[in-house]
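As the structure is a prediction and not an experimental result, all values here were calculated from the model. Whatever order the structure lists ligands and atoms in, that order sets their numbers, starting from 1. In what follows, residues are counted from 1 in the order of the sequence shown. Hydrogens, waters and symmetry mates play no part in the numbers below; they use all other heavy atoms, side chains included.
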Amino acid sequence: MLIVPEREIADLMTRDAAFAAVEQVFAAMAADKAYNFPVVREAIGHEDALYGFKGGFDRAGLTLGLKAGGYWPNNMDKRGLINHQSTVFLFDPDTGKVRAMVGGNLLTALRTAAASSVSIRHLARKDAKVIGMIGAGHQATFQLRAALEQRGFEKVIGWNYHPEMLPNIEKVATEAGLPFAAVDLPGMAEADVIITITSAFAPSLLAEHVSPGTHIACMGTDTKGKQEVEAALLARATVFADEIAQSVSIGEAQHAIAEGLLQEADIAQLGAVINGTHPGRKDAAEITLFDGTGVGLQDLAVAAAVVDLAVAQGRAIEVDF
Ligand code: NAD
């Protein structure tokens with residue numbers, strides 16, 4: 001069995017490798033060559049922790065496994081550890097033997113950023129110049145760094161519920177040599193691409209804040225009850241998802257469906273655009289919206305990619321098992 005510890009991931013994994021892995025697995029999902037297993041998520045009654053498993057099988061990439069982990073809210077205060085903890089286990093699909101154990105914390109941020117990046121590559125207007133960020137927490141910096149590689153952006157604008165956190169994303173913009181401006185929510189009308197990545201349970205971005213032709217990647221809503229954008233925005237947009245079943249149950253679409261503003265059949269898989277079985281953006285005025293809920297297959301895809309990189313660089317730890 002191979003082990004790739006968390007401490008090795010930052011040196012090994014690249015944004016390009018994460019992008020390629022996530023794009024490939026979204027394509028495989030849309031071609032019915034890969035599927036996610038039902039998600040298990042439990043409040044375990046200890047340390048207020050939420051623990052669970054996300055797994056799947058990609059028959060095209062021959063990646064089988066699961067990500068185990070969750071959220072321990074007391075970690076930072078009590079132990080100086082990050083609150084989100086996860087580990088990916090990969091299995092040999094021919095034999096069922098465990099193949100690898102991979103640190104999943106940084107990989108989660110990289111695969112989530114890769115997902116919105118894939119949506120921008122395939123759905124945003126080619127001439128997009130202004131990117132708007134709603135959210136300025138841990139994931140937001142990864143999101144922005146990856147997104148900036150997808151178009152010739154000339155400016156970053158940002159809004160956050162906690163404005164004191166905005167310097168987190170301003171720093172990423174500055175590192176990329178781009179100007180940054182804090183805006184109010186109506187100011188988002190200037191953006192050609194908007195990423196929402198917050199833990200909100202009520203909408204911030206309203207339909208009236210978004211200009212025609214914008215691509216929006218909604219990345220924060222991954223649980224029943226969470227919501228970042230007004231349901232009416234999904235009715236105005238062409239909606240794409242990583243996985244439709246998750247989009248309607250735990251993604252942004254849950255609210256538009258509940259309000260009768262959107263039907264499940266209106267949602268397309270992003271993978272279908274990658275495969276060319278869906279035309280994607282129709283014209284420069286269309287609003288496209290990607291509901292990125294985060295699927296187990298993304299975790300497995302980036303873990304398999306990092307195992308390959310670790311093996312190639314002689315940095316995977318091999319143990320008899
Ligand atoms: P974080 O705690 O570092 O940041 C939270 C962000 O949400 C901050 O910008 C904060 O200001 C904002 N926020 C908090 N309360 C708000 C409110 N009431 N209204 C508007 N904004 C509010 O968290 P993070 O690690 O950056 O994660 C952000 C979200 O992304 C979480 O909801 C997390 O579950 C989700 N997430 C999704 C995926 C996926 O694959 N889709 C993957 C990882 C994380």
Side-chain angles (χ1 to χ4, degrees), residues 18-19 21-22 25-26 29 36 39 41 50-52 54 56 67 69-73 75-77 82-86 88 104-119 132-147 158-172 182 184-185 188 194-206 209 216-230 240-247 249-254 270 289-303:
F19 184 99
V22 169
V25 84
F26 282 171
M29 282 164 59
N36 293 289
V39 174
R41 200 162 162 86
L50 284 175
Y51 174 71
K54 278 186 166 186
K67 178 167 88 168
Y71 185 66
W72 273 258
N75 269 5
M76 188 51 83
D77 293 344
I82 62 170
N83 293 349
H84 286 277
Q85 291 291 334
S86 63
V88 180
N105 296 347
L106 178 58
L107 282 183
T108 300
L110 293 172
R111 66 79 146 143
T112 306
S116 65
S117 237
V118 169
S119 84
M133 294 296 300
I134 294 189
H138 178 68
Q139 302 286 336
T141 56
F142 291 90
Q143 291 284 324
L144 180 57
R145 247 180 240 116
W159 177 89
N160 196 45
Y161 186 72
H162 302 102
E164 67 277 10
M165 293 168 80
L166 283 172
N168 293 337
I169 51 173
E170 179 169 13
K171 185 162 172 273
V172 176
D184 56 11
L185 285 162
M188 278 291 151
I194 299 172
I195 297 177
T196 63
I197 181 76
T198 70
S199 49
F201 280 80
S204 305
L205 190 71
L206 305 183
H209 299 149
I216 308 144
C218 299
M219 304 306 296
T221 295
D222 56 359
T223 305
K224 200 166 164 39
K226 280 189 186 172
Q227 186 174 13
E228 301 189 284
V229 308
E230 188 184 22
F240 299 84
D242 42 14
E243 190 190 78
I244 293 167
Q246 281 201 179
S247 170
S249 55
I250 59 169
E252 275 307 321
Q254 63 181 295
L270 179 57
L289 185 148
F290 172 60
D291 193 4
T293 56
V295 294
L297 281 169
Q298 275 170 264
D299 297 300
L300 306 188
V302 290

Give the C-alpha distance, both sets of side-chain angles, the deciding distance and a yes or no for side-chain hydrogen bond (donor to acceptor under 3.5 Å, both in side chains) between K54 and S86.
-> CA-CA 10 Å; K54 278 186 166 186; S86 63; over 6 Å; no

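Each salt bridge (Lys or Arg N to Asp or Glu O under 4.0 Å) pair with one or both residues in residues 108-119, not counting sequence neighbours, appears once here: R111-D299.
In this view, A115 and V22, F26, M219, F290, Q298 satisfy the side-chain contact (heavy atoms from CB on, under 4.5 Å) rule, not counting sequence neighbours.
Distance alone, capped at 3.5 Å, places no donor-acceptor pair between the D291 side chain and the G251 backbone.
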Using a 3.5 Å cut-off on N/O to N/O, what pairs does ligand 1 make with the protein? A line per pair would be great.
residue  : atom   : partner : partner atom : Å
ligand 1 : 3 (O)  : H138    : N            : 2.8
ligand 1 : 7 (O)  : S199    : N            : 3.1
ligand 1 : 7 (O)  : S199    : OG           : 3.4
ligand 1 : 9 (O)  : A136    : N            : 2.9
ligand 1 : 9 (O)  : G137    : N            : 3.4
ligand 1 : 9 (O)  : N160    : OD1          : 2.8
ligand 1 : 9 (O)  : N160    : ND2          : 3.4
ligand 1 : 11 (O) : N160    : OD1          : 3.2
ligand 1 : 11 (O) : N160    : ND2          : 3.0
ligand 1 : 11 (O) : H162    : ND1          : 2.7
ligand 1 : 26 (O) : H138    : N            : 3.2
ligand 1 : 26 (O) : Q139    : N            : 2.8
ligand 1 : 32 (O) : T198    : O            : 3.2
ligand 1 : 32 (O) : G220    : O            : 3.1
ligand 1 : 32 (O) : K226    : NZ           : 2.8
ligand 1 : 34 (O) : D222    : OD1          : 3.3
ligand 1 : 34 (O) : D222    : OD2          : 2.8
ligand 1 : 34 (O) : K226    : NZ           : 2.9
ligand 1 : 36 (N) : D222    : OD2          : 3.4
ligand 1 : 40 (O) : R111    : NH1          : 2.7
ligand 1 : 41 (N) : M219    : O            : 2.9
ligand 1 : 41 (N) : G292    : O            : 2.9

Exercise answer: donor-acceptor pairs, residues 161-169 side-chain atoms, under 3.5 Å, sequence neighbours excluded:
residue : atom : partner : partner atom : Å
N168    : ND2  : A136    : O            : 2.8
N168    : ND2  : M165    : O            : 3.4

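The distance from the CG atom of L144 to the NZ atom of K171 is 12.0 Å, given to the nearest 0.5 Å.
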